[in-house]
Structures are given as C-alpha cells and as structure tokens.
Amino acid sequence: RGAVVRLRRPDETVPLSHSVLMTGACCTALATLVPVALYQTGLLSGLPDPPSVFFDSGRITTSQAAYPFGIPDALLGLGSFGVTLALILLEKRNARARKLLGAKLTLDASVAAFNATRQVITFGKLCSLCTGTALAAGVMAYCGRAMIRDTWTRGRKPLTAPLSQTSIT
C-alpha cells in the first residue's frame, strides 16, 4: 500500500516515466516554438500573451537579439529541439545517442536559461511562449539528469585521490 513503482528499461539509469516525460517536454518545446517561428517569418500577425505586465512576446521576438546570424531564433530552436527529440527516441537503443543526449540536454537548458535571462535584463519582460520553451528544456534536463551526469563524469578519473592514496613528502 502506498508503494511507488518505478519502471526501468533493462540496463538503464533513467526510469521509463522520465523518458516519457522528456519526450512530452520536448514536444512541448517544439509546440511553443511553432507560433514564434510563424510570427518571425511573417506568416502570423501577432503573438498572444497572457494578460500580464511581465510579457511582451511581440517586441522580444522581433528584436535584433532574436535573429542570430540573421536567422529567426525560433527556426534554430525548432531544428535544435528536433535533434533533441531524435536523440530521446534513439537513446533507448544506442549508448552513443544516450551520451550525446546528455550533452544536448545540457546545451538546451543552458541556452534556454541564457535567453530567458537576456530577455529580463534587456527588455525587463519575457516572451510567454519562449518561457514555455525554457521551462520544457528545464523539465528535460531534470528528467535526464542521470544521463547528463554520466556524460560529464563517466570514464574520467576523480580530480582528487582518496586520502589513503596520497603521500606527503
């Protein structure tokens, strides 16, 4: 009674429920980027914002910062999260994809946090849909934290030796 069952795939450190949540979060990130991409490419006339003084999606997504290399950042995000989704789907069968996914989740969460911080510092407001993308990236990083940890630590020697192995001369 009251026991929590955690389903795990064979030879995996990530519970199946986390894998499903990661997939859903990645699809959410993609879904929040579609209207922004349509707006940035001129196919949509405006972006909806919740009634709040904290959001100004239109101004933020048309700013100079939203066009790195002259390309709408939402299009770059769609490509990036498309790769993330492919890695999420492949990690179940491929150890290399699992390791790449750990690095990709780190990159996605870092870029999302950077963009959200830049919006607050530069505009004093947030893009509501971009905030949804950033939250989805955070959920993916949280669910994939074991892969992230393994990506950056597996196969590396500890930085310090245990005290019993050190010698003082």
Side-chain angles (χ1 to χ4, degrees), residues 1-41 43-44 47-48 50 57 60-61 65-69 71-119 126-162:
R1 189 184 117 156
V4 176
V5 177
R6 297 189 74 144
L7 300 173
R8 292 186 185 267
R9 295 184 304 266
D11 302 324
E12 283 298 318
T13 59
V14 179
L16 183 61
S17 59
H18 283 196
S19 181
V20 170
L21 190 56
M22 245 191 309
T23 304
C26 192
C27 290
T28 299
L30 289 165
T32 59
L33 285 170
V34 169
V36 177
L38 293 173
Y39 180 66
Q40 287 180 323
T41 56
L43 298 173
L44 196 61
L47 290 174
S57 298
I60 292 168
T61 58
Y67 291 84
F69 314 110
I71 302 168
D73 61 354
L75 293 179
L76 296 173
L78 285 169
S80 176
F81 283 110
V83 170
T84 303
L85 182 59
L87 289 171
I88 289 170
L89 298 175
L90 287 172
E91 68 90 15
K92 298 170 187 151
R93 297 175 294 247
N94 187 304
R96 181 170 287 159
R98 193 172 311 116
K99 190 162 188 110
L100 287 172
L101 180 58
K104 186 67 170 76
L105 292 173
T106 303
L107 178 66
D108 288 346
S110 300
V111 169
F114 172 80
N115 283 335
T117 303
R118 181 178 59 187
Q119 288 174 14
L126 289 166
C127 163
S128 58
L129 293 164
C130 307
T131 301
T133 304
L135 290 172
V139 168
M140 287 187 290
Y142 177 77
C143 291
R145 65 191 180 279
M147 277 183 278
I148 292 171
R149 182 192 61 238
D150 292 347
T151 296
W152 303 112
T153 60
R154 188 169 283 169
R156 295 184 186 196
K157 294 181 181 178
L159 294 176
T160 59

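We use all heavy atoms of the structure for the numbers below, so side chains are in, but hydrogens, waters and symmetry mates are not.
Side chain of Thr151 to main chain of Lys99: a donor-acceptor pair is present (N/O by atom type, distance under 3.5 Å, no hydrogens or angles). In terms of modelled atom types and a separation under 3.5 Å, the side chain of Gln119 and the main chain of Ile60 share no donor-acceptor contact. A side-chain donor-acceptor contact under 3.5 Å links Arg145 to the backbone of Tyr142.
One finds the OG1 atom of Thr61 at 10.0 Å from the CG atom of Leu44 (value rounded to the nearest 0.5 Å). The structure places OG of Ser80 at 12.5 Å from CG of Leu75, a figure rounded to the nearest 0.5 Å. Taken from CG in Leu89 to CG in Asn94, the straight-line distance is 12.5 Å, to the nearest 0.5 Å. Distance CD1/Ile148 to OG1/Thr153: 11.5 Å, rounded to 0.5 Å.
When every heavy atom of Ala25 is checked against every heavy atom of Ala136, the shortest pair comes out as O-CB, 3.3 Å. Considering every non-hydrogen atom in both Ala141 and Ala109, the closest pair reads CB-CB, 3.9 Å. Of all heavy-atom pairs between Ser19 and Ile88, the closest is O-CG2, 4.4 Å. Tyr67 and Gln40 get closest at one heavy-atom pair: OH-O, 3.3 Å. Across every non-hydrogen atom of Cys143 and Leu21, the tightest pair is SG-CD2, 3.4 Å.
Here Thr106 pairs with Trp152 under the side chain to side chain donor-acceptor pair (under 3.5 Å) rule; sequence neighbours left out.
For the pair Leu135/Val139, no side-chain contact is recorded, criterion being any heavy-atom separation below 4.5 Å from C-beta on. Residues Pro68 and Leu76 meet the side-chain proximity criterion, which asks for heavy atoms closer than 4.5 Å. In this structure, the side chains of Leu90 and Arg96 stay at 4.5 Å or more apart for every pair of heavy atoms. Side-chain contact between Met147 and Met22 is present, with at least one heavy-atom pair separated by less than 4.5 Å.
Between the side chains of Thr84 and Lys104, a donor-acceptor pair is found at a separation under 3.5 Å.
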Show me, pair by pair, the donor-acceptor contacts under 3.5 angstrom made by side chains of residues 30-37, not counting sequence neighbours?
from, atom 1, to, atom 2, distance (Å)
Thr32, OG1, Thr28, O, 3.3
Thr32, OG1, Ala29, O, 2.9
Thr32, OG1, Thr133, OG1, 2.5

Quiz item: Can you list the steps and then say if Cys130 with Asn115 is a side-chain contact (heavy atoms from CB on, under 4.5 Å)?
Solution: CA-CA 8 Å; Cys130 307; Asn115 283 335; over 6 Å; no
